[in-house]
Amino acid sequence: MKIIKLFLLLALQQFAPSLQSQFLSNLRAVKTDALFTTYAAPPERSHYKTDQGYQFQWTDDEAGVEFVSKEGPNLGIAFQFGKRLVFRLQELYREPVVTASYSDLVKYFYYPQQDLRVEMFVAVYSSETAILQCRLINEGSFPVTVSALPYLYYPSSDSSLKIEHQDYTDGYTFPLWKKRDGWMVEHHIPVVENLTGSFQSTLDFDSVSTFLLQTNKNHPVPKSGTLAGFKQSIASQKRNTPFINGIIGFRTFTLQPGESTKFNITINLCEANIREPETPLSQGRGVGGEALPAGELTSRLPVRGGGGDLLKNLLQSSEQAYAKIPKLNFTDKDKEMLYWSSFSLMRQCMMPPEGECRHNYYVFSREPRWGWGYGGQVFHESLVMMAYAYMDPLGAMNSQQVYMDRQQPDGYINYRTGPYLNETIETNGKPTSS
């Protein structure tokens, strides 16, 4: 037994350095670097109909450091020091520096004020659930009193405020309508339009504020440093709906020199009015198939206890997924960043078997999600699989099996092939392929 343990230890020691030396786990990336910063669930926990991804917004001086999506939700954290509220990128003492970034998660730090370090770990755990962990560290020689304001907002088509407090979870639920575009309607793409979301935190908030804003791109430049300016800044951004619903939590901390504290925020989405049987968290696509009602999945994640082990495991899992990628020698930093980012984009576009697809397949974009970009795969884009094979040879090969499974007796292959789509584009009365 001792010999076996020694053998396993030596094997792990040999394998661990290759993961710890991963390029994407040892970044010092800033907003001008060629880093891909859109995030979606890993293939094994992705689900087509309710898939939700996020773009890390960290390059716009006038906007907040947020995770945004085309039709919501959008989320971030503001900080208040006395009467001064720090929200926009240009208001930070030091802008974000990304230290790790994969297709499903990102780690970064920044300083809203001198000596207060904010460390963030954000993971899109599944197509339905995202986790934000925030750690505040007082690196100065004097106590720091700061209020953390986690917030969420989303576009709304009417003027009613619909965010509700849920006593049984001490969380908040909200409706979210994600209208399909014309192409999706025309091709009967069955993505869910009516969703129920939940906003939960490990923080016991001192207070919570919900708000309804009317969008207006002609708003005057918002006054910085105030809560009113924060809301006005959100309202002044271009939106595809006339109103915005939102929620802000408030919690004040006093940190002594060298002291730190951390908290988690969990966002969960599910199809409205759908309730599936209880299933263990480890089964299925993160939720054992269809999304569970708001709060149920969240209650199983180790969020109230901090979620540290879960996030650590997610990072290790991503490192292992990238372990086979050849490490090339680059003399140009941008090209090296672009090289690794391309694998993040490829992995992010891979989806697990679902519907008519008996094997994994790919789409073109998960955030933003639009018509034909989410309909399914097209033959000529499969040239990319020659590169993806370095990362996941079985996944690359299986994506091509999708065509073989659907090939017609006369040899014809659909123009676009997806889990819920077989698209044939006719020209002069004859079907065309790609």
Side-chain angles (χ1 to χ4, degrees), residues 24 36-55 69-70 101-105 124 126-128 180-181 183-184 187-192 284-286 317-318 320-325 338-407 412-425 432-434:
L24 293 174
F36 178 67
T37 55
T38 297
Y39 304 94
E44 65 270 18
R45 288 190 298 276
S46 293
H47 180 210
Y48 187 87
K49 295 181 181 179
T50 56
D51 192 47
Q52 176 66 53
Y54 299 89
Q55 178 191 352
S69 57
K70 182 173 178 286
S101 178
Y102 289 91
S103 67
D104 58 325
L105 60 86
V124 185
S126 71
S127 283
E128 297 80 19
R180 291 181 297 168
D181 60 27
W183 193 95
M184 285 188 172
H187 290 77
H188 308 290
I189 303 299
V191 297
V192 175
R285 292 175 281 252
S317 178
S318 289
Q320 291 172 2
Y322 286 63
K324 295 178 182 178
I325 299 172
L338 185 63
Y339 173 75
W340 290 99
S341 288
S342 70
F343 284 97
S344 290
L345 176 57
M346 285 187 283
R347 183 188 187 221
Q348 188 174 105
C349 288
M350 301 303 291
M351 302 287 281
E354 185 172 342
E356 290 189 57
C357 289
R358 297 189 303 113
H359 299 85
N360 62 242
Y361 61 96
Y362 62 81
V363 295
F364 300 152
S365 175
R366 293 168 66 181
E367 179 53 47
R369 187 173 66 184
W370 78 92
W372 56 263
Y374 198 66
Q377 57 187 52
V378 178
F379 206 38
H380 56 263
E381 266 87 7
S382 290
L383 287 169
V384 175
M385 292 300 102
M386 292 193 291
Y388 185 67
Y390 285 106
M391 182 181 197
D392 178 10
L394 181 60
M397 186 166 57
N398 282 344
S399 72
Q400 303 311 286
Q401 184 67 41
V402 169
Y403 298 119
M404 298 166 129
D405 291 344
R406 224 93 53 96
Q407 192 170 21
Y412 175 73
I413 295 176
N414 300 323
Y415 183 88
R416 183 172 284 106
T417 306
Y420 304 100
L421 179 67
N422 292 289
E423 185 183 17
T424 298
I425 302 175
T432 62
S433 189
S434 61

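Only heavy atoms go into these numbers, but all of them, side chains included; no hydrogens, no water, no symmetry mates.
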Do S399 and Y388 meet the criterion of a side-chain donor-acceptor pair at a distance under 3.5 Å?
no
Check: E128/T50 side-chain N/O donor and acceptor closer than 3.5 Å
yes
Evaluate the side-chain proximity of M397 to M385: yes if any heavy-atom separation is below 4.5 Å, no if none is.
no
So, for R406 and L421, which heavy atoms are closest and what is the spacing to 0.1 Å?
NH1-O, 3.5 Å
Please enumerate all residues that pass side-chain contact (heavy atoms from CB on, under 4.5 Å) together with Q55, with sequence neighbours excluded.
T38, V68
Taking C-beta and beyond as the side chain, do T417 and F379 meet within less than 4.5 Å on heavy atoms?
no
Closest non-hydrogen atoms of G395 and M350, given as atom of the first, atom of the second and distance, are O-CE, 3.8 Å
Provide the closest heavy-atom pair for S344 versus F36 in the form atom of the first, atom of the second, distance.
CB-CD2, 4.0 Å
Taking only residues two or more places apart in sequence, or in another chain, which ones meet A41 in a side-chain contact (heavy atoms from CB on, under 4.5 Å)?
S46, V124, S127, R366
How close do F364 and V378 get, counting heavy atoms only, and between which atoms?
CZ-CG2, 3.8 Å
Answer with yes or no after comparing the ring centroid distance for Y48 and Y420 against a 6.0 Å cut-off, counting only values under it.
yes
For residues Y374 and M351, determine if any side-chain heavy atom of one lies less than 4.5 Å from a side-chain heavy atom of the other.
yes
